[in-house]
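I have placed the structure first, in the form of C-alpha cells, so that the comments after it can refer back to it.
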Amino acid sequence: MTDLGQRVDAFGRPVPEPEPPSAPQALQTAKWLWLGSVLLGVVQAFVQLLDRPKLIAELRHIQPGMTTQDLEAAANSGIMFTFLLKALILLVYLMLSRRMLEGRNWARVVLTVFGGFGIFNAVITVLTVSLVGGELIRQITGVGITGADVAFSLVVMLVQLAAIVFMYRPEANRFFHAVRNRRTGNATGRPGNGWS
C-alpha cells in the first residue's frame, strides 16, 4: 500500500525518494571561510580590548567628566558587550551557513550581502586611513585606528571575498538548482525564481 501522493512505478510499487544532493566542497569551504572571518573579528576585538589603558584613555577623551570608577565600569561593559555581540554574530553566520549547506539560496544571498558590507567597510577603512591619516581620525572621532586594525580589516575582507567566490562557483550553482528542483518536484530541471 502506498501513501497518498507517493510516487509509484508502472506496477504500483512505491518508488523510493532520491537521495538529496550533498553540498559540494566549494560550499563547505565557503562555510569555514565565513566562520573564519567572524573568528578573525573576535581576535581583532580581543587584541583591541587587551590594551585596557588605551581603551580607558579613549573613553576619557570621549567623556572627560567621568570618574576613574565610571571609566572602569564603562570599559568592562564595553568589553562584555563586544564579546556578546561577536558571539551573536557567530551564531547568525553559523545558522546562515547551515541553511546554505541545506540548499537554501536565500541564505547564500544574505551571506553575500553581509560579505558585501564587510568588504565595503574594509575598503572605506583602508582608504580613510591612507588618505586622511590615523591621527586626524583620532582627533575628529576620539577613536584611533591602528595598523593592526587595517591589517585585520584587509585579512577579513580577503576571507569574505573568497567565501563569496566559493558560494557562486559552478558546482555550488548546480547544487542550489538541484535542491530547488527536488524541493519543488520540478523533474524538468527548468529553473524557478531561485529564492527557495
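All values reported here derive from a predicted model rather than from experimental measurement.
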Is the number of heavy atoms from other residues, nucleotides or ligands within 6.0 Å of CZ (Arg98) greater than 12? no
Kindly check if the number of other-residue, nucleotide or ligand heavy atoms within 6.0 Å of CZ (Phe120) is above 12? no
How far does [atom1] of [X] sit from [atom2] of [Y], to the nearest 0.5 angstrom?
| X | Y | atom1 | atom2 | result |
| --- | --- | --- | --- | --- |
| Leu35 | Ser97 | CG | OG | 4.5 Å |
| Leu88 | Phe83 | CG | CZ | 15.0 Å |
| Ile119 | Thr112 | CD1 | OG1 | 9.5 Å |
| Leu71 | Asn76 | CG | CG | 11.0 Å |
| Lys86 | Gln44 | NZ | CD | 6.5 Å |
| Leu96 | Leu91 | CG | CG | 11.0 Å |

What heavy-atom pair brings [X] and [Y] nearest, and what distance separates the two atoms?
| X | Y | answer |
| --- | --- | --- |
| Gln160 | Gly115 | OE1-O, 3.7 Å |
| Pro21 | Phe175 | O-CE1, 3.4 Å |
| Val156 | Gly41 | CG2-N, 4.5 Å |
| Ala30 | Met100 | CB-CE, 4.3 Å |
| Trp34 | Leu111 | CH2-O, 3.3 Å |
| Ile56 | Ala75 | CG1-CB, 4.1 Å |

Donor-acceptor pair between Ser37 and Tyr93 side chains, under 3.5 angstrom: no
Assess the side chains of Arg99 and Asn105: does a donor N or O sit below 3.5 Å from an acceptor N or O? no
Would you call Leu84 and Met80 a side-chain contact if the rule is heavy atoms closer than 4.5 Å? yes
Evaluate the side-chain proximity of Arg52 to Ile79: yes if any heavy-atom separation is below 4.5 Å, no if none is. yes
Group every Ile, Leu, Val, Met, Phe, Trp and Tyr by side-chain heavy-atom contacts under 4.5 Å, then state whether [X] and [Y] land in the same group.
| X | Y | value |
| --- | --- | --- |
| Phe114 | Leu158 | yes |
| Val159 | Leu90 | no |
| Leu154 | Val38 | yes |
| Val132 | Ile124 | no |
| Leu94 | Ile164 | yes |

Say whether, by atom type as modelled, one donor and one acceptor occur between the side chain of Arg108 and the main chain of Met167 under 3.5 angstrom. yes
Short question: side chain of Asn181, backbone of His177 - any donor-acceptor pair under 3.5 Å? yes
Begin from the C-alpha positions of Phe176 and Leu27 and carry the test side chain to side chain contact (heavy atoms under 4.5 Å, CB included) through to its verdict. CA-CA 10 Å; Phe176 283 105; Leu27 289 180; 3.8 Å; yes
